[in-house]
There are 2 protein chains.
Amino acid sequence: MPKLGMEPIRRDALIKATIAEIAQTGALEVTVSRIARRAGMSSALAHHYFGSKDAMFLAAMRHVLSVYGAEVRGALAAADGPQARVQALIRASFTPTSFRREVIAAWLNFYVLAQTRADAARLLGVYQRRLVSNLGHALRPVAGARARPLAEGVAAMIDGVYLREALGAGEPDGRAAARMVEDWLAAQLRTA
Amino acid sequence: MPKLGMEPIRRDALIKATIAEIAQTGALEVTVSRIARRAGMSSALAHHYFGSKDAMFLAAMRHVLSVYGAEVRGALAAADGPQARVQALIRASFTPTSFRREVIAAWLNFYVLAQTRADAARLLGVYQRRLVSNLGHALRPVAGARARPLAEGVAAMIDGVYLREALGAGEPDGRAAARMVEDWLAAQLRTA
DNA sequence: CTTTGTTGATTGACCAGTCAATAAACAATC
DNA sequence: GATTGTTTATTGACTGGTCAATCAACAAAG
């Protein structure tokens with residue numbers, strides 16, 4: 001039965017199962033056994049590949065963050081000019097890939113984890129600062145000295161819209177969410 | 001040793017200890033024993049008064065939400081005129097009472113809890129809708145038909161600023177946070 | 001002596017992590 | 001191409017510990 005080269009497949013399955021399990025049962029009740037069962041293997045194998053439950057959490061976080069990071073880079077590469085770059089950054093946070101119940105739930109749990117776990121906080125901080133930095137640079141040609149505070153406002157707005165969608169009843173609407181942030185930013189830019 | 005009339009005192013101590021413990025150790029590792037010890041009693045007594053761990057969580061949530069609700073009502077009562085009411089609503093979310101690391105941490109954990117626990121979601125939903133509703137009514141005289149979408153934007157902004165402060169390194173600065181939301185709203189109102 | 005407050009001890013369940021054992025795939029040697 | 005050994009994949013069974021919840025018993029106050 002055992003086939004070689006299973007490691008990457010198993011790791012991937014476990015990471016996805018971890019995210020799914022966290023989203024479904026909440027971080028309070030996730031167990032290695034449940035994750036492993038969802039990923040179609042024994043809990044012993046999960047330990048074999050990740051060593052500990054904590055390591056699995058961290059790996060899952062890194063996965064979510066790297067997917068998001070890739071999306072941002074892709075959108076930036078395709079953007080032409082300052083306005084387009086700002087728009088790309090905002091919309092990248094609300095693409096169908098990232099803006100799904102499951103992924104949103106993962107982000108929420110990562111926020112909570114980052115409150116007490118230093119490594120999680122560090123990981124999250126990197127991405128948060130990068131977003132503000134990216135926004136700041138993109139806004140510089142348009143807003144000059146106001147670029148930095150504006151970038152922080154946009155970042156806050158993105159997070160806030162994220163939250164409300166995560167907790168709202170209906171299906172998350174990425175297009176509407178992005179438009180909201182863009183509208184608010186546009187109004188800011190129109191005021192001297 | 002036993003003194004009569006201890007129930008309200010014990011309940012209060014347990015609720016506060018629950019919040020403190022969640023903030024300190026994170027929702028993943030809270031145990032009834034730790035909470036009870038922090039509140040100065042045995043775990044058996046904690047069960048005696050609340051019946052279950054879940055009930056303690058819910059009671060703690062209700063406490064945080066009721067404190068916040070009282071603050072909002074107080075601010076609204078003292079406000080005169082539409083602008084003052086909007087300002088009061090925004091600032092009430094960032095008073096020193098509510099805008100402390102510990103309370104922020106509690107809110108974050110409640111958000112996560114609300115993803116999987118129906119009663120928590122219901123409780124949170126009531127307060128979220130009330131905030132948007134309050135903001136909408138206060139904005140009506142100033143913004144007319146735009147009041148509702150503006151209210152949703154302000155609410156999102158409040159949540160977002162909350163989040164970023166909760167995860168930032170420095171001490172939360174409520175005054176600056178409130179000013180930021182007010183500035184963004186002012187810019188929105190200045191555009192037809 | 002009943003009500004209220006309080007705890008130590010106990011229980012039953014569960015969980016993270018370990019380990020020994022098995023089985024396939026691969027590789028080298030004869 | 002048969003033999004032998006090595007690596008990788010995989011699991012069932014086990015362990016040490018912890019936790020939520022229960023209970024019996026005790027102490028004060030009315």
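All chains are named by letter (A, B, ...) in the order of the sequence lines, taking the proteins before the strands, and each is independently numbered beginning at 1.
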Can you identify which nucleotide, out of dA20(D), dC19(C), dT7(C), has its nearest atom closest to the M41(B) side chain?
dT7(C)
Name the closest nucleotide to the L45(A) side chain, picking from dT11(D), dT7(C), dA20(D).
dT11(D)
Closest nucleotide among dA9(D), dG17(C), dA21(D) to the E7(A) side chain
dA9(D)
Of the candidate nucleotides dT7(C), dT18(C), dC19(D), which contains the atom at the shortest distance from the side chain of T31(B)?
dC19(D)
R11(B) atom CZ is separated from dG5(C) atom P, nearest whole Å, by 11 Å
Are any of R10(A)'s side-chain N or O atoms less than 4.0 Å away from OP1 or OP2 of dT8(D)?
no
What is the distance from CZ of F57(B) to P of dC19(D), rounded to the nearest Å?
13 Å
R37(A) atom CZ is separated from dT11(D) atom P, nearest whole Å, by 13 Å
Closest to the H47(A) side chain, choosing from dC19(C), dA16(C), dA21(D)
dA16(C)
Any idea which of dA20(D), dT11(D), dG17(C) is nearest the K53(B) side chain?
dA20(D)
Distance only, no hydrogens: is a donor on one side chain within 3.5 Å (strictly under) of an acceptor on the other, for Q115(B) and R101(A)?
no
Can a salt bridge be assigned to the pair R129(A) and E152(A) using a cut-off of 4.0 Å between side-chain N and carboxylate O?
no
Between dC19(C), dA16(C), dT10(D), which nucleotide has the shortest distance from any of its atoms to the side chain of H48(A)?
dT10(D)
Are any of Y49(B)'s side-chain N or O atoms less than 4.0 Å away from OP1 or OP2 of dT6(C)?
yes
Contact between W107(B) and L65(B) at the side-chain level, heavy atoms closer than 4.5 Å - yes or no?
yes
Here's one to test your reading of the geometry: is the NZ or CZ of R130(B) within 45 degrees of the ring axis of Y127(B) and under 6.0 Å from its centre?
yes
Examine R175(A) relative to F94(A) and say whether NZ or CZ is less than 6.0 Å from the centre of the six-membered ring and inside a 45° cone about the ring axis.
no
Rounded to the Å, how far apart are E29(B) CD and dC14(C) P?
21 Å
Just to be sure I understand the rule, does S52(A) reach a base, reach only the sugar-phosphate, or reach nothing, if contact means heavy atoms closer than 4.0 Å?
sugar-phosphate
Measure from CD1 on I9(A) to C1' on dA9(D) and round the result to the nearest Å.
12 Å
